[in-house]
Amino acid sequence: MQKRNGINFNELPFNKVISLIKQNDTAILKKLYVVNFPKVRRYILKNSGNEQQAKDVYQEAFIAMWRNIKNNRFSANKPNMINGYLFQIAKYKWLDHLRSVKYKNTTFINREIEYDEPNFEIDDHKNHKIKLIMDCISNLGDRCQTLLKLFYFERRTYKEIAQILKIDEASARNAKYRCQEQLKKMTQTIPNGNK
Amino acid sequence: METNNNKENPQENQDLIDAYLLGNLEAKELAEFNEKMNLSTNFKQKVEEQKTMMESAEEINIKDLLEDFHKEIEDLSYSNWMSRGRLALAASVLILIAVSSWAIFFHENSAERVFAENFKPDPGLPTTMGTTANYNFYFGMVNYKRKNYTDAIASWEPLYAANPTNDTLVYFLGVANLANNNPRQAEKYLLLAQQNSESVFIEEAKHYLALTLLRKNNISEAKAILSKSQSPSNIALLKALEDL
């Protein structure tokens, strides 16, 4: 995973920004996170929320944005449009929360409650499956968790993983295979885990 | 038409699917891969399963990363706030809170209550791994941030045995032990952590050491530890202890 300091993503070509997000580039993700949080926070605090809710909703929205970009569900042509998209998802999620069962008997005077749903999909079945697998990953040994992180999240090569774990490249490849097989077995033993 | 995958090496298959998912296939390989998916629903299903597994591995890690980002935002907000000359105001508010708390709770003041009100484990360090990062320290920090303090301590103790002067390590071992309801061990590590005057954790180490002593009901020593500290949180904690 590449790392950059002081990055200005408005100066990068849009395709490059999208590509960096898809590669889980820490610098670009951090920039997006830090730049957009204040606006979402202000919105949620202004609309009956608290700090913790602002953080939770924002992080959910950020992950939804990130996942949709990875799955090519976001189409735009300017980096700034990502900021608008993220805000729209956060706003939608917050308004959805306000409209949830807890609040359904409340009459809102705030006209902002009327909103257009942004173009992002929530696949509940897939979300459920991902949550189950995430639980299984948490139950893997530390070494396997690290291997999967280095390989899939940080996008390290086996050579780099071998250097970090102080093993040889073939062992890194074999270890990753075994970890993934272990994870597969774990997901097959949980209810609704293999479908 | 289904292709016969029986003779295929499962590890090579996994590598091939990874190469596809990570966008590492050449044009010709990609065309062959797509053809294979079209011909075999079994293979296509394996690709989907591995994709979901990869997405899960990514998501669990981006959650940790977002927590790190958020911690930085909070730290920045705090330092900006303090740099605007509001220390005096903060001190006044803290004193007001302390006095009000005393007025409200004077009948139930106890070391236990002050501990519960003031103990919040250090949020920990970022867990993005550099190529030279210490693997076991990193393991411990991941567990620490997930509140698996026993596992964190188990990862860090061997490192401490090899390098007992590492200030970061002794500090986090101290906080983890305190969070894990082991004030005796916490005291051992935090005493070491606050002795290193060069350490960036010195004020925090004093804070958690005072809380550790408080946990052991040793209020006078806790006050002595805090008495020379200038950090706002330590001043506030000392004030709370003086009211006991």
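Letters A, B, ... are given to chains in the order of the sequence lines, protein chains preceding strands, and every chain is numbered from 1.
- In this structure, Tyr33(A) and Phe69(B) have tilted ring planes: the angle between them lies in the 30° to 60° band.
- Chosen from Leu183(A), Ile63(A), Asp142(A), the residue pairing most often with chain B at heavy-atom distances under 4.5 Å is Asp142(A).
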**OP:** Run the numbers on Ile60(B) and Gln145(A) for side chain to side chain contact (heavy atoms under 4.5 Å, CB included), then give the verdict.
**Re:** CA-CA 10 Å; Ile60(B) 198 168; Gln145(A) 288 189 42; 5.5 Å; no
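- Between chain B and the options Trp66(A), Tyr58(A), Phe62(A), the largest number of non-hydrogen pairs under 4.5 Å is found for Trp66(A).
- The minimum heavy-atom distance linking Gln59(A) with Leu66(B) is given by the pair NE2-O, 3.5 Å.
- In terms of non-hydrogen atom pairs under 4.5 Å with chain B, the most contact-rich of Leu148(A), Ile137(A), Ile161(A), Ile130(A) is Ile130(A).
- Under a 4.0 Å N-O distance rule, the pair Glu67(B)/Lys55(A) qualifies as a salt bridge.
- One distance of note links CZ of Phe153(A) with CG of Asp64(B); it measures 8.5 Å at 0.5 Å rounding.
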Original post:
Would Glu72(B) and Val34(A) satisfy side chain to side chain contact (heavy atoms under 4.5 Å, CB included), going step by step from the backbone distance to the final call?
Top reply: CA-CA 9 Å; Glu72(B) 285 188 40; Val34(A) 172; over 6 Å; no
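- Within 6.0 Å of atom CD in Glu35(B), 12 or fewer heavy atoms from other residues, nucleotides or ligands are found, so the atom counts as exposed in its surroundings.
- A 6.0 Å sphere centred on NZ of Lys22(A) holds more than 12 heavy atoms belonging to other residues, nucleotides or ligands.
- For Phe201(B), the ring-ring contact (aromatic ring centres under 6.0 Å, His included) partners at least two apart in sequence or on another chain are Tyr171(B), Phe172(B).
- Within a 6.0 Å radius of CD in Glu32(B), other residues, nucleotides and ligands contribute more than 12 heavy atoms.
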Subject >> Audit row: Glu49(B), Lys129(A), salt bridge (Lys or Arg N to Asp or Glu O under 4.0 Å) steps and yes/no >> reply: CA-CA 10 Å; Glu49(B) 281 172 7; Lys129(A) 196 167 175 182; 5.6 Å; no
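- For the pair Tyr152(A) and Glu58(B), the tightest heavy-atom approach, listed with the atom from each and the gap, is O-OE2, 3.5 Å.
- Other residues, nucleotides and ligands contribute more than 12 heavy atoms inside 6.0 Å of the NZ atom of Lys145(B).
- Identified by a heavy-atom distance below 4.5 Å to chain B, the contributing residues of residues 171-181 of chain A are Arg173(A), Asn174(A), Lys176(A), Tyr177(A), Gln180(A), Glu181(A), in residue-number order.
- Taking OH of Tyr138(B) as the start and CD1 of Ile164(A) as the end, the distance is 9.5 Å to the nearest 0.5 Å.
- Atom CD in Gln14(B) sits 6.0 Å away from atom NZ in Lys184(A) (nearest 0.5 Å).
- With rounding to the nearest 0.5 Å, the separation of CG in Leu29(A) from CG in Leu65(B) is 6.5 Å.
- Atoms CG and CD, from Asn61(B) and Glu154(A) in turn, are 7.5 Å apart once rounded to the nearest 0.5 Å.
- The candidate with the highest count of non-hydrogen atom pairs below 4.5 Å against chain B, out of Arg67(A), Arg143(A), Lys70(A), is Arg143(A).
- Asn24(B) contributes atom CG, which lies 8.5 Å from atom CZ of Arg155(A) (distance to the nearest 0.5 angstrom).
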